[in-house]
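Reminder, nothing fancy here: chain letters follow the sequence lines and each chain counts from 1.
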Number of protein chains: 2
Amino acid sequence: MITIKEIAKQLNMSTTTVSNVIHGKTSEVSDDTKKIVQDFLEKVDYVPNISARNLAQNESKIIGLALKARADKYENLIMDPFVSELIGGVEETIRNAGYFMMLYISSDTNEIMRHVSTWNVDGLILFGMLNDDGIRVSEKYKKPIVCIDTYSIEGLKHFTNVGLDDEQGTYDMVNYLISQGHKKIAFLSDNTNGVDLARLNGYKKALKDAKIKYSPSNFLKIRPHTKDLPESLEEICERSKEFTAIMCVSDLYAVTLMAAFADRGISVPDDISVAGFDDNMLGQLHRPALTTVHQNVKQKGTVAADTLLKQLKKIKTPNQIVLPTNLVIRDTVKKI
Amino acid sequence: MITIKEIAKQLNMSTTTVSNVIHGKTSEVSDDTKKIVQDFLEKVDYVPNISARNLAQNESKIIGLALKARADKYENLIMDPFVSELIGGVEETIRNAGYFMMLYISSDTNEIMRHVSTWNVDGLILFGMLNDDGIRVSEKYKKPIVCIDTYSIEGLKHFTNVGLDDEQGTYDMVNYLISQGHKKIAFLSDNTNGVDLARLNGYKKALKDAKIKYSPSNFLKIRPHTKDLPESLEEICERSKEFTAIMCVSDLYAVTLMAAFADRGISVPDDISVAGFDDNMLGQLHRPALTTVHQNVKQKGTVAADTLLKQLKKIKTPNQIVLPTNLVIRDTVKKI
DNA sequence: TTGTAGGCGTTATCAA
DNA sequence: TTGATAACGCCTACAA
């Protein structure tokens, strides 16, 4: 790999001049030398050494994407279609802006921080942080942070959040279920934190507005870890007889549930209605096609990255961005 | 961020000593000073500046994962469940070895090369390269390269390939279809290069061994790009009447096809049998569950990364690694 | 056992 | 318009 120093030597000029041409500081250099240098750069296929540049300018052109894995949930976080779509959106935006993305997956916040510090990452996108995780990070890391899907009022003082109107999403869907005549509606999720809690609240609100009583027994808990899944699905299918519709916190769970139903001869939507949340490939390819709450996941990623990029350019951004949802009525909910 | 120089100053010693302690060159330093330094490092939470280290040692501790996107195929490569599972395997292995992964997606080989050079990436994992793409890269890039799923005899002189016995996989499956009484078997794919060609060859071989004639009209071409997909699905469904079974080149296509069948009232496996290849979430969650050729995609990623890591340690590795496949018989193939 | 000094490739300051 | 030189943080050969 050829260096600026070497180029300067071969061209009988100083590194400064070469560097200036490279950076288009055209005012500083005569047209003649400019041309000479540019031709030479082209010829030798010069590529700068980023490490050296980082050291000299104290900026890395790296944006870190840190995914906090929940140890109990997936063996492999990235396999969640939601996560991979998100990464796709972030990666594309960062790349087009001339930055680089460093992906880091860990369940240990400290590990993430160490990683980010060694690389002197210019900005950080955080996903999967719970409650004050984000705040803890922002206290150590003094550069721009954008969180995705983090519910933390306190956090918004420290970082920007890109999220969804999760509550409104389930609220709308449960209202739709009610409009189709459903009264005994369960809510299925694996936890009641953050996003899941917001969706649960939307569900509860819709029930309340329709004067349907909510009971804790309406909450169906799925245990997604591979070894627990079959057993928890068995329980849920058993309990599903008490309901006419199930509002699932994600498409993945909705499709998983419908497969379990099919295995037991329970027919969707004839025996029971199912609604999802996300609108991803899984629900789109399912037959009957899943009625679900649409969100644009890729957009979530691009908006998060764009926002961070703006902050790096010192452009003011709102500290909370709420993306819309909308209902996608397909074939898994029956009018009763 | 505190530097070695600063630490040395505060401790009244030289940077060499501090550096030696950091690198565990314990023989070079007295136990007393070692302890002092270690305690101090702990206290100030020292994190090395990777750029500086890279510059000094001329190694980056980065492994590049370059995905060559085919412009015509996906808007977003990473959304392919195969790709995301692969990334998951690579990322995990690299991280556990103390390296860093830089993900780079592009359809332009030169762009990938430039990226890899600026970062002085220690090793490269390549996916999606066709024919001599990999060779072109290896001629410019003089460090270890591991390709995934690249079919290129010539290439094996230049790099290690981690692949699958794709031909055997479809061969086994088509034999199974034949054993179930099928004779009119189509093959569905979007191209006939690399992996797809190998799978097609396995299919042809099985037909030949069973003395069933292959005709080019047995090849059903799907056009996956969003705007073409519905039309190509319509054509395929129409043509499917000529066959009793369809061997699909991937689970994604098998599930996509079955959704199209369902929309037209064509029942799987009663009206037509379908087999896939990959064994991913899509086929597992489908009902009837997809009969498919299993491959361990995550393992593909981990093996590729492990192999590269070995090469970085100058450990010899075979220049071709072929992972096995096996049949997963589920419910989409009927005996006729 | 510890310290000094030079170099990695780039940028930036300031002088010529 | 161009060039010398120091600085970024770390590593290492060699000296003390």
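- Using a 4.5 Å heavy-atom cutoff, the side chains of Phe159(B) and Val137(B) are not in contact.
- Considering only residues two or more places apart in sequence or on other chains, Ser106(B) meets the side-chain hydrogen bond (donor to acceptor under 3.5 Å, both in side chains) condition with Glu111(B).
- Counting to the nearest Å, the P atom of dG6(C) and the CG atom of Leu55(B) are 18 Å from each other.
- Every side-chain contact (heavy atoms from CB on, under 4.5 Å) that Thr93(B) has, sequence neighbours left out, goes to Thr302(B), Ala305(B), Asp306(B), Leu309(B).
- With respect to Arg136(A) and Asp133(A), a salt bridge is recorded, a charged nitrogen being found less than 4.0 Å from a carboxylate O.
- The CD1-C1' distance, from Ile36(A) to dT2(D), rounds to 13 Å in whole Å.
- The side chain of Thr33(A) contributes an N or O atom lying less than 4.0 Å from OP1 or OP2 of dT2(D).
- Where the helix from dT1(C)-dA16(D) to dA16(C)-dT1(D) starts and where it ends, the local axes point in directions that differ by 40°; five pairs per end, rounded to 10°.
- The CG-C1' distance, from Asn20(B) to dC10(D), rounds to 12 Å in whole Å.
- Listed nucleotides dT2(D), dT2(C), dT10(C) differ in distance to Asn49(A); the shortest reach to its side chain belongs to dT10(C).
- Listed pair Thr17(B) / dG3(C) meets the phosphate criterion, a side-chain N or O lying under 4.0 Å from OP1 or OP2.
- By the 6.0 Å contact criterion, NZ on Lys143(B) is enclosed, its count of non-hydrogen atoms from other residues, nucleotides or ligands being greater than 12.
- Atom CD of Glu59(A) and atom P of dG9(C) are 20 Å apart (whole Å).
- Listed by residue number, the members of residues 110-119 of chain A with any heavy atom below 4.0 angstrom from DNA chain D form an empty set.
- Of the side-chain N and O atoms in Tyr46(A), one or more sit less than 4.0 angstrom from OP1 or OP2 of dT10(C).
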Applying side-chain contact (heavy atoms from CB on, under 4.5 Å) to Leu126(A) and Lys68(A), what does each step give before you reach the verdict? CA-CA 8 Å; Leu126(A) 257 29; Lys68(A) 175 149 178 180; over 6 Å; no

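- One can place NE2 of His23(A) at 10 Å from P of dT10(C), the figure rounded to the nearest angstrom.
- The NZ-P distance, from Lys61(A) to dT11(C), rounds to 12 Å in whole Å.
- Within the 4.0 angstrom heavy-atom criterion, no nucleotide atom of any strand lies near Asn120(B).
- Projected onto DNA chain C by closest heavy-atom contact, Lys5(A) and Arg53(A) fall at different nucleotides, the more 5' of which corresponds to Lys5(A).
- Residue Thr3(A) places no side-chain N or O under 4.0 Å from the OP1 or OP2 atom of dG9(C).
- Classified by interplanar angle (parallel below 30°, tilted 30° to 60°, perpendicular above 60°), the ring pair His115(A)/Tyr104(A) is parallel.
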Give the table of side-chain donor-acceptor pairs shorter than 3.5 Å for residues 45-56 of chain B, with sequence neighbours excluded, one pair per line with atom names and distance.
from, atom 1, to, atom 2, distance (Å)
Asn49(B), OD1, Ser51(B), N, 2.8
Asn49(B), OD1, Ala52(B), N, 3.1
Ser51(B), OG, Asn54(A), ND2, 3.2
Asn54(B), ND2, Ser51(A), OG, 3.3
Asn54(B), ND2, Ile50(B), O, 3.4

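- Here the side chain of Lys314(B) pairs no donor or acceptor atom with the backbone of Gln311(B) at under 3.5 angstrom.
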Protein-nucleotides 12-16 of chain C N/O pairs under 3.5 Å:
from, atom 1, to, atom 2, distance (Å)
dA12(C), OP2, Lys25(A), NZ, 3.4
dA12(C), N6, Thr16(A), OG1, 3.3

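- Rounded to a whole Å, the CD1 atom of Ile4(B) is 14 Å from the C1' atom of dC8(D).
- We find that Asp39(A) and Lys35(A) are joined by a salt bridge, their nearest charged nitrogen and carboxylate oxygen being less than 4.0 Å apart.
- At a threshold of 4.0 angstrom between heavy atoms, the contacts of Asp32(B) with the nucleic acid are absent.
- A distance-only check finds a donor-acceptor pair linking the side chain of Asn161(A) to the backbone of Thr150(A) [under 3.5 Å].
- Residue Ile153(B) places its CD1 atom among 12 or fewer non-hydrogen atoms of other residues, nucleotides or ligands, all under 6.0 Å distant.
- Taking atom CG on Leu11(A) and atom P on dT2(D), their separation rounds to 12 Å, with Å as the unit.
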